Structure formats: C-alpha cells, structure tokens
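See below for the structure under consideration.
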Amino acid sequence: MSLTLYNTMTRSKQLFQPIDPARVTLYVCGPTAYNRVHIGNARPAVIFDTLYRLLNTLYPKVVYARNITDIDDKIMATAAELGEEISSVSQRYAEAYFDDMAALNNLAPTVVPYATDHIPEMIDMVSRLVAKGHAYAVDNGVEGEQGHVLFAVQSMRDYGSLSRRSLDDMLAGARVEVAAYKKYAGDFVLWKPSADHEPGWDSPWGRGRPGWHLECSAMIEKHLGDSIDIHGGGQDLIFPHHENEIAQSCCAHDGKPFANVWMHNGFINIEGEKMSKSLGNFRMVNDLLQQYPGEVLRYVILSAHYRSEQNFSKDLLDSAWRSLDTLYGFLRSQTAVVAAPCDVSDSEAYRALLDDLNTPVAVSELHKLARQMHGASGAEQALAKGRLLAVAHLMGLLQQDPEAWFKGARGGDTISAEEIEELIAKRNQAKADRDFQTADAVRNQLKELGVTLEDSREGTQWRRD
RNA sequence: GGCGCGGUAGCAAAGUGGUAAUGCUGUGGACUGCAACUCCGCCAUCGUCGGUUCGAUUCCGACCCGCGCCUCCA
C-alpha cells in the first residue's frame with residue numbers, strides 16, 4: 001500500500017516517502033484568532049484531519065501540528081474595538097475554533113503551537129537570518145521605520161519556486177505601495193516595531209512583534225524539525241505565506257529542504273460567489289452548526305476533491321443530510337448486528353484515499369458498503385458492517401449512534417421525544433382497533449411537526465425530518 | 001499585464017484511450033391498511049470546433065465560457 005500525493009511544488013502527484021517512517025511530520029496552517037472561523041477554515045481542517053487519520057494507518061507515529069496565530073494586527077484591531085486585552089480575544093476565538101473543529105469530528109492535532117509562546121524562537125531565527133546575510137534591520141532612525149527587520153528576497157536563489165513566479169513579474173503587477181525602507185520591493189517583514197500602545201517584545205532591534213510568516217517557520221523548526229514531510233493549507237497561502245516560510249526556513253537552515261510535499265486545498269464559494277467580507281456572505285461554521293449537524297458539513301467537504309473549488313449552498317447541505325440519513329438508516333436497521341473486526345486496507349475506499357485523498361470516491365464506497373451490508377446476512381453481514389464502520393471512521397463519519405442521529409434536534413423542534421412516543425402509542429392502539437382514520441391523523445399530526453414514522457414488524461420507529 | 005484552475009446528467013461529484021462510479025432529486029413498479037424505510041427499473045455520450053488514433057469524454061491544438069492568485073485572506 002503506497003500513498004500518492006499531489007505536490008504543489010512539482011505540480012504533480014508523487015509517491016509519498018517520509019523522511020523518517022518512524023516519525024512522519026505534518027504541519028497545517030491554522031487560523032488567526034480574531035473571529036469565529038468561517039466554513040473556508042473548516043475545509044483544510046477536515047481535509048488534513050482525514051490525511052492525518054490515513055497516515056496513522058500507515059505509520060506508527062505521525063506528528064500533526066496545527067498552529068494558532070494569536071498575535072496579529074487583525075487581532076489587535078478587534079481587541080481595540082472591543083476594548084479587550086489581545087490575549088483574551090485570541091484565547092476566546094482559539095477556544096471557539098477548537099469547539100467548531102471538534103463539532104466537525106476533527107481529531108485534535110498532536111501539537112497546537114501558539115505564536116506568542118514562541119517569540120524567543122522567532123527572534124532567534126531572525127538573528128540567524130541577519131547573520132547569514134538573508135535579512136537586514138532598518139536602522140535609519142525614522143519613526144515607524146526604525147526597528148523593522150526585512151527578509152532580503154534577492155539573497156535567495158530559488159525564491160518563488162512554489163508559486164512559480166518571478167520577482168519581476170510579481171512586482172510589475174503589484175498593487176501595493178512599496179515602503180521606502182525596503183532595499184528591494186519584494187522584501188517582506190520578519191519583525192516590526194511596536195508603538196507603545198501596541199503589544200511587543202524586546203528584541204535586538206527594539207521592542208516589536210513578529211511578521212506574519214515567521215511563526216510557522218519557527219514553530220515547525222521547534223516541534224517538527226528542519227525538514228518536514230507535508231505542509232498544508234489553503235491555496236491562497238501559496239503566495240506569499242508559504243513562499244516566505246520556505247525562504248525563512250531554507251535560508252535559516254543553509255538550504256536544507258523545508259517541506260517535501262506541499263498540499264493546498266481549493267476555496268469554498270457560497271451560492272456561486274466568492275466568500276468575502278465585501279459581499280457579506282461569510283458562512284461561519286458556528287452559524288451553520290445551528291442548522292446542520294457537524295457531520296453534514298464534514299460530509300459535504302469530503303464529497304468534493306480537496307483540490308477543486310467547492311460551492312456551498314443550502315441545496316448541497318440538505319442533500320448531504322439526506323445522504324447521511326440513508327447511511328444511518330442502514331445502520332439503524334442493523335443495530336443488532338455486531339460489527340466484525342476488519343482491516344480497512346482491504347477496501348476500495350482505502351485505495352481511493354491513498355490516491356491523493358480521493359474522498360469523493362471513498363464517500364461513494366460508503367454507500368456501496370452500506371448496501372452490501374444491508375443485503376448480506378450472518379457472518380458476512382457482520383463483516384460488512386465492520387468494514388463500513390472502519391472505512392467511515394477513517395473519514396470521521398458515521399461514528400454516532402444511529403438512533404441518536406435520527407432523534408437528535410434538527411432545529412426548530414416543537415415536540416419532545418416523550419410526546420412523540422405518546423402519540424405513537426395512541427396510533428398503535430388505533431391501528432390495533434383498525435381505526436385507520438385516527439392512525440393517519442396521528443401520522444399527519446406528527447408529520448407537520450417534522451416527525452416521520454416508519455412502521456415495521458418490530459414496531460414503529462420515528463425520525464425528525 | 002504575469003501565473004494558474006475549471007467546464008461530465010435537474011443538482012453534486014468521480015473517472016477512464018475502447019461507448020461514463022456514486023449520492024440527492026424526479027419517475028415507473030414491488031412492499032405497506034395508508035405511508036415511511038427498503039428493493040427492482042428508468043433518466044448524461046462528458047463546453048465548441050478541428051487533429052492524432054482502429055477507436056477520445058479521456059492525448060494535442062484553437063476557440064468560447066466561468067473562476068482564482070499577484071504580499072489582508074482557508
């Protein structure tokens with residue numbers, strides 16, 4: 001069994017070969033904690049969580065790090081707006097992020113490093129970059145400029161290799177003004193000075209704070225090593241974020257490779273439009289969770305290949321919910337069957353995942369396996385159930401009790417489970433009396449309250465629509 | 001301007017040089033007191049035009065359409 005992954009760096013799929021099979025390393029860029037996260041943040045979390053699960057079946061130890069950026073100008077702005085401490089803002093939103101991600105059945109990463117816990121490491125890295133001639137400090141005495149440390153992009157030969165852009169091309173189309181203190185327009189900030197009212201840490205270049213890209217380089221170096229196996233994130237991070245991470249880390253390590261495989265997930269659009277602040281169409285995970293189980297969001301994300309763009313819409317979410325209903329329906333009808341232990345690697349779904357995380361095929365296999373289970377009996381059925389659950393577990397799906405799935409709140413519930421049971425009892429009595437008019441009246445009454453009844457030889461089951 | 005991505009059934013979404021998985025929806029039937037669930041069946045020739053080939057949705061070229069990035073951004 002071998003894993004193939006698409007590498008943004010080479011623009012091709014390639015066999016995954018860990019640097020050290022005894023310790024595979026995966027790093028994914030996490031959120032900046034200044035707001036509730038939107039569904040776009042959820043995609044990489046779900047995708048790479050699935051990859052993490054997959055890697056765990058292949059290697060004895062996988063170190064998965066996903067950071068929290070807790071110092072950033074956006075957080076500072078939010079804190080100022082709310083009149084709150086920066087740390088309290090970032091802590092609150094980091095917690096909210098963890099809650100949201102857990103609701104999507106994401107496992108906790110092995111390491112969750114915080115930027116502010118790594119200031120000395122960052123300063124150290126900047127010092128090394130300066131010493132090696134890859135960075136320079138602005139020392140012109142000008143207020144607001146003095147104390148910046150910039151990465152000298154021209155000091156690195158392969159700068160731009162990930163995004164495949166030449167410096168000149170980028171600068172030609174640049175839409176931003178170039179700060180006068182930069183030696184070269186493409187140079188980016190490693191460290192910036194903080195005003196008295198801004199958060200800051202003492203450094204060789206005065207009181208200041210880290211630039212955006214620095215934390216990832218420093219934290220990866222500390223927790224994962226100089227060279228890691230896989231680095232992931234959203235496509236928008238390819239440039240400049242990841243390009244700059246590469247620059248920092250490679251130059252700090254005298255040219256040693258930084259990440260062997262670069263993986264980037266596509267964007268999520270909303271009802272056909274790009275999700276953006278100006279369009280006001282951000283979909284916060286938390287808001288969606290008020291209307292849909294987290295598993296539905298996860299199912300939707302896994303229904304598309306991670307590299308393609310994905311369009312979120314109400315129809316898509318509703319249909320995913322119905323698909324899960326079908327799957328849980330099969331499981332509910334086989335509750336009595338004890339799942340037999342099963343080796344996931346012996347499945348089409350597993351092979352699909354090994355092929356650059358082809359989750360759409362893996363999801364489709366879930367449906368095939370469920371039907372297979374449904375049509376089987378005896379030991380074969382037990383095995384089929386075991387396989388279905390094992391494969392689903394790899395994807396973080398179908399792990400809850402089917403009964404709970406159907407009876408759980410689905411938003412706007414107006415009738416309690418007890419009341420439903422009472423009405424069912426009443427209807428069953430009517431049925432026994434051959435009073436079908438009353439029986440149907442009860443059914444319709446429940447239907448209007450969003451409850452569907454399912455009669456079978458074993459009795460009546462119910463579900464919320 | 002530079003770099004890059006995509007166009008497959010009503011919707012979503014895989015895939016392959018030899019006539020297209022899967023889910024949702026719709027629809028015909030079975031089951032049911034009626035339903036629901038489930039089961040059986042039906043519903044696409046893969047943006048357009050050329051080329052290569054015995055054969056292309058799959059390779060090549062052109063074109064049309066949609067989209068992303070170019071230092072806030074998953």
Side-chain angles (χ1 to χ4, degrees), chain A residues 8 11 28-32 34 37-48 72-74 77 153 160 163-166 168-176 178 185-189 211-213 232-241 243-244 264-269 272-277 282 299-300 303-305 307-311 313 315-327 329-330 332-333 348 352 355 358-368 371 374-375 406 431 434-437 439-440 443-444 447 451-456 460-463 465:
Chain A
T8 305
R11 308 282 155 112
V28 175
C29 291
T32 299
Y34 72 107
V37 295
H38 52 71
I39 189 66
N41 294 285
R43 173 122 98 144
V46 169
I47 293 297
F48 291 107
D72 175 275
D73 288 4
K74 289 194 289 291
V153 150
S163 54
R164 301 206 171 177
R165 294 168 186 188
S166 76
D168 294 339
D169 288 345
M170 281 187 278
L171 298 174
R175 299 182 299 209
V176 293
V178 177
D187 293 350
F188 61 90
V189 174
W212 174 33
H213 320 292
Q235 253 161 17
D236 55 325
L237 296 180
I238 295 174
F239 188 88
H241 188 54
E243 200 72 79
N244 291 349
H264 294 95
N265 62 272
F267 266 45
I268 282 179
N269 292 333
E273 281 185 315
K274 181 187 169 170
M275 190 162 56
S276 73
K277 273 183 186 157
F282 267 64
Y299 184 96
V300 167
S303 292
H305 187 82
R307 278 190 280 125
S308 35
E309 200 169 78
Q310 183 172 33
N311 187 39
S313 66
D315 284 353
L316 184 66
L317 289 159
D318 290 342
S319 102
W321 198 336
R322 272 177 246 119
S323 297
L324 280 167
D325 277 347
T326 301
L327 290 169
F330 280 120
R332 175 150 86 158
S333 70
E348 286 302 320
D355 179 17
N358 193 336
T359 55
V361 166
V363 168
S364 79
E365 285 298 319
L366 249 28
H367 290 272
K368 291 181 185 171
R371 221 174 304 109
H374 189 66
F406 287 112
K431 277 174 67 182
R434 309 291 294 172
D435 177 5
F436 295 121
Q437 204 175 343
D440 287 349
R443 178 200 293 293
N444 292 333
K447 188 75 197 167
V451 177
T452 298
L453 301 184
E454 294 176 16
D455 291 338
S456 74
T460 302
Q461 290 190 308
W462 60 271
R463 63 199 285 180
D465 300 326

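Sequence lines set the chain letters: A, B, ... in the order given, protein chains first and strands last, and positions in each chain run from 1. Note that the coordinates shown come from a computational prediction; the quantities given were computed from them, not determined experimentally.
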Under 3.5 Å for both donor-acceptor distances, Watson-Crick or wobble: does [N] have a partner, and if so which one?
| N | value |
| --- | --- |
| B/rC11 | B/rG23 |
| B/rG66 | B/rC5 |
| B/rU52 | none |
| B/rU58 | none |
| B/rU71 | none |
| B/rU38 | B/rA30 |

Between [M] and [N], how far apart are the [atom1] atoms? Round to whole Å, please.
| N | M | atom1 | result |
| --- | --- | --- | --- |
| B/rA74 | B/rC40 | P | 46 Å |
| B/rC24 | B/rC43 | C1' | 14 Å |
| B/rG47 | B/rA20 | P | 15 Å |
| B/rU27 | B/rG68 | P | 37 Å |
| B/rA56 | B/rA13 | P | 28 Å |
| B/rA44 | B/rA14 | C1' | 14 Å |
| B/rU8 | B/rC49 | P | 16 Å |
| B/rG26 | B/rC34 | C1' | 22 Å |

NA contact type, [X], heavy-atom cut-off 4.0 Å: base, sugar-phosphate, or nothing?
| X | result |
| --- | --- |
| A/Ser333 | nothing |
| A/Gly233 | sugar-phosphate |
| A/Ile268 | base |
| A/Gly40 | base |
| A/Lys447 | nothing |
| A/His264 | nothing |

- Query: For the side chain of A/Arg307 and the base of B/rC5, is some donor closer than 3.5 Å to an acceptor across the two?
  - Reply: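 Check fails, no donor-acceptor contact within cut-off.
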
- Would you say the side chain of A/Asp440 and the base of B/rG33 hold a donor-acceptor pair, judged only by whether the two atoms sit under 3.5 Å apart?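 Indeed, a donor on one side and an acceptor on the other fall under 3.5 Å apart.
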
Tell me the interatomic distance from [X], atom [atom1], to [N], atom [atom2], rounded to whole angstroms.
| X | N | atom1 | atom2 | value |
| --- | --- | --- | --- | --- |
| A/His241 | B/rC70 | NE2 | P | 14 Å |
| A/Arg332 | B/rC37 | CZ | P | 11 Å |
| A/Glu309 | B/rA74 | CD | P | 17 Å |
| A/Arg443 | B/rC34 | CZ | P | 11 Å |
| A/Asn41 | B/rA74 | CG | C1' | 5 Å |
| A/Gln310 | B/rC11 | CD | C1' | 14 Å |
| A/Leu453 | B/rA35 | CG | P | 14 Å |
| A/Asp435 | B/rC34 | CG | P | 16 Å |

- Query: Should A/Trp212 be listed as having a side-chain N or O under 4.0 Å from OP1 or OP2 of B/rC73?
  - Reply: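 Looking at the OP1 and OP2 atoms of B/rC73, one of them is under 4.0 Å from a side-chain N or O of A/Trp212.
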
- Below 4.0 Å: OP1/OP2 of B/rA12 and any side-chain N or O of A/Asn311: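 A/Asn311 to B/rA12 OP1/OP2: no side-chain N or O under 4.0 Å.
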
- Task: Select from A/Thr452 and A/Leu316 the residue whose nearest nucleotide in RNA chain B is closer to the 5' end of that strand.
- Result: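 Checking each residue's closest nucleotide, the 5'-ward one belongs to A/Leu316.
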
- Want to settle it: does A/His213 or A/Gln235 sit nearer the 5' end of RNA chain B, counting the closest nucleotide to each?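 Taking each residue's closest nucleotide, the earlier one in sequence belongs to A/His213.
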
- Contact state string [nucleotides 19-32 of chain B, B base, S sugar-phosphate only, - no protein heavy atom under 4.0 Å]: --BSSSS-------

Minimum-distance nucleotide to [X] side chain [options: [options]]:
| X | options | value |
| --- | --- | --- |
| A/Pro44 | B/rG33, B/rA13, B/rA74 | B/rA74 |
| A/Arg463 | B/rU71, B/rG15, B/rC37 | B/rC37 |
| A/Glu454 | B/rA36, B/rG33, B/rA74 | B/rA36 |

- Message: Checking A/Asp435 now: which residues fulfil side chain to side chain contact (heavy atoms under 4.5 Å, CB included) with it, not counting sequence neighbours?
- Response: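 Counting only residues at least two positions away or on another chain, A/Asp435 forms a side chain to side chain contact (heavy atoms under 4.5 Å, CB included) with A/Ala430, A/Asp433, A/Gln437, A/Thr438.
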
- Query: Who are the side chain to side chain contact (heavy atoms under 4.5 Å, CB included) partners of A/Gln461, not counting sequence neighbours?
  - Reply: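 Checked A/Gln461 against side chain to side chain contact (heavy atoms under 4.5 Å, CB included); matches are A/Arg332, A/Glu403, A/Glu454.
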
- Query: Do A/Glu348 and A/Ser364 have side chains that get closer than 4.5 Å, going by heavy atoms?
  - Reply: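 Not in contact.
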
- Query: Hey, are the side chains of A/Tyr299 and A/Ser323 touching, using non-hydrogen atoms and a 4.5 Å cut-off?
  - Reply: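 Counting from C-beta outward, A/Tyr299 and A/Ser323 do come under 4.5 Å.
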
- Item | side-chain contact (heavy atoms from CB on, under 4.5 Å) between A/Asp318 and A/Arg322, worked out | CA-CA 6 Å; A/Asp318 290 342; A/Arg322 272 177 246 119; 3.4 Å; yes

- Task: Answer yes or no: does atom CZ of A/Arg11 have more than 12 heavy-atom neighbours from other residues, nucleotides or ligands under 6.0 Å?
- Result: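 More than 12 heavy atoms, drawn from other residues, nucleotides or ligands, come within 6.0 Å of this atom.
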
- State which residues pass ring-ring contact (aromatic ring centres under 6.0 Å, His included) with A/Tyr34; sequence neighbours excluded, sorted by chain then number.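 Residues passing ring-ring contact (aromatic ring centres under 6.0 Å, His included) with A/Tyr34: none at all.
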
- Message: Restricting to non-hydrogen atoms, name the atom on A/Lys431 and the atom on A/Ala439 that form the minimum distance, rounded to 0.1 Å.
- Response: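 Where A/Lys431 meets A/Ala439 most closely, the heavy atoms are CG-CB, 3.8 Å.
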
- Message: I'd like to check the side-chain hydrogen bond (donor to acceptor under 3.5 Å, both in side chains) partners of A/His38; sequence neighbours left out, ordered by chain and number.
- Response: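 Checked A/His38 against side-chain hydrogen bond (donor to acceptor under 3.5 Å, both in side chains); matches are A/Asn41.
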
- Message: So, using side-chain hydrogen bond (donor to acceptor under 3.5 Å, both in side chains) as the criterion, who are the partners of A/Asp465 when residues are at least two apart?
- Response: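 Residues passing side-chain hydrogen bond (donor to acceptor under 3.5 Å, both in side chains) with A/Asp465: A/Lys447, A/Thr452.
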
